[in-house]
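Working notes, beginning with the structure itself.
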Amino acid sequence: MNAAELAETARQLVGAGKGLLAMDESNGTCNKRFAALGIGQTEEKRRAYRKLLITTPRLAESISGVILYDETIRQKTTDGTPFLAVLEKAGILPGIKVDIGAKAMAGHPGEKITEGLDGLRERLAAYAGMGARFAKWRAVINLGDDHPSRACIAANAQALARYAALCQEAGIVPIVEPEILMAGDHTLERCREVTEETLHAVFDHLYEQGVLLEGIILKPNMVLPGLGYSQQESLDGVAEATLTTLLRVVPAAVAGIAFLSGGQSADLATARLDAINRLARAPGSHLPWPLVFSFGRAIQQPALTVWQGDDSCVAAAQKLLIQRVRCDRAALTGEYEAAMEHT
Ligand code: 13P
């Protein structure tokens, strides 16, 4: 592990006033999103869609890195140019999802444990050889009457830490993603408690595994009430809860924080990120890390809906994509305004 190189890669990803585009849906998840819009679920359609995303003109003005999936990192544009070469030319760093999914956790009904550690050292070496500079592993924590259990939080935190250590050994910056799901009717306070407990456990395990904090990116959820809870929170309320929680548990040495969107609508995710960054820049705040985005659905959904699998809609979809990431970039400095949605 070269500590200076890891820290430099992390800085390039989160310290440049840009964010990340998560486009690492597994084939199953990508097919589900295609099916919902009547798009064919073939490798060729997935390739055409991912090509649309990465060839969007001026994407690199707002996006520092994209997270790819195993199928995608090997794909090429129609003229035979590898996707990786397209990204390199644009100055966008390629990353790779390396977990193999959240599976039912034995003995813990309703809870999940993310798998993928077996053989990970070899897979990381292969991805590093292809040019991947960073990786992602997502742990999923469900809120319910009886969960999360300590066992679920601990097992997921340990897996995240072992993954992160293996990434750094391979010279790859790990994105550490413990996601508290929005599904459920829990209050904002409950999400705050569980987010805090989970992040505590994650940083304990990262410490135990000897992970270099300057060479990781944390990808957390925002602190939000459950989707089914009757009272949704104001932007300022979300910003306060999210920032307070992060300040309590995330060490200052961490390179940066890149939020997931978790199923929020695109404009709401942007508005909340903007509120968080406004609060972070208020007089008297001294935030140790950049707060950026690593959105999947909240960046892609408007473009995917317009594309519909139709070649003649590529330009219109790319226009929406670029507008979306420009709004997200503005949210990094608290300069997003709803009017920007219509420009
Ligand atoms: P969403 O922003 O759609 O939650 O996706 C981000 C991601 O990478 C999930 O692992």
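FYI, side chains are in, hydrogens and waters are out, and symmetry mates aren't considered; it's all heavy atoms of this structure. As the structure is a prediction and not an experimental result, all values here were calculated from the model. In each ligand, atom 1 is the first atom listed, and ligand 1 is the first ligand listed.
- For ligand 1, the atoms lying closer than 4.0 Å to a non-hydrogen atom of Phe295 are 2 (O).
- Considering backbone and side-chain N/O of Leu260, none are found under 3.5 Å from N/O of ligand 1.
- Residue Gly262 places a heavy atom under 4.0 Å from ligand 1.
- Summary of contacts: the protein heavy atom closest to atom 2 (O) of ligand 1 is Ser261 OG, 2.4 Å.
- Below 4.0 Å from some heavy atom of Ser294 lie the following atoms of ligand 1, by number and element: 6 (C).
- Atom 10 (O) of ligand 1 has Lys136 NZ, 2.4 Å as its closest protein atom, hydrogens excluded (heavy atom only).
- For Lys219, every heavy-atom contact with ligand 1 shorter than 4.0 Å involves the side chain, none the backbone.
- For the 3.5 Å distance criterion, the side chains of Glu44 and Thr42 fail to qualify, holding no donor opposite an acceptor.
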For this session: Give the C-alpha distance, both sets of side-chain angles, the deciding distance and a yes or no for side-chain hydrogen bond (donor to acceptor under 3.5 Å, both in side chains) between Lys219 and Ser294.
Result: CA-CA 7 Å; Lys219 179 162 174 170; Ser294 175; 2.8 Å; yes
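- Of the heavy atoms in Arg297, both backbone and side-chain atoms come closer than 4.0 Å to ligand 1.
- Just one of Arg138, Lys97, Arg50, Lys136 meets the salt bridge (Lys or Arg N to Asp or Glu O under 4.0 Å) condition when paired with Glu25; it is Arg50.
- Between the side chains of Tyr127 and Asp70, at least one donor N or O lies within less than 3.5 Å of an accepting N or O.
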Exercise. Checking side-chain contact (heavy atoms from CB on, under 4.5 Å) for the pair Phe203/Val250: CA distance, chi angles, key distance, verdict?
Worked result: CA-CA 7 Å; Phe203 283 101; Val250 182; 3.9 Å; yes
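- Among protein heavy atoms, the minimum distance from atom 5 (O) of ligand 1 is reached at Gly296 N, 3.6 Å.
- For Glu179, no heavy-atom contact with ligand 1 is shorter than 4.0 Å.
- Looking at residues two or more places apart in sequence or on another chain, you find no side chain to side chain donor-acceptor pair (under 3.5 Å) involving Thr187.
- Among the candidates Lys45, Arg46, Lys76, the single residue satisfying the salt bridge (Lys or Arg N to Asp or Glu O under 4.0 Å) test with Glu71 is Arg46.
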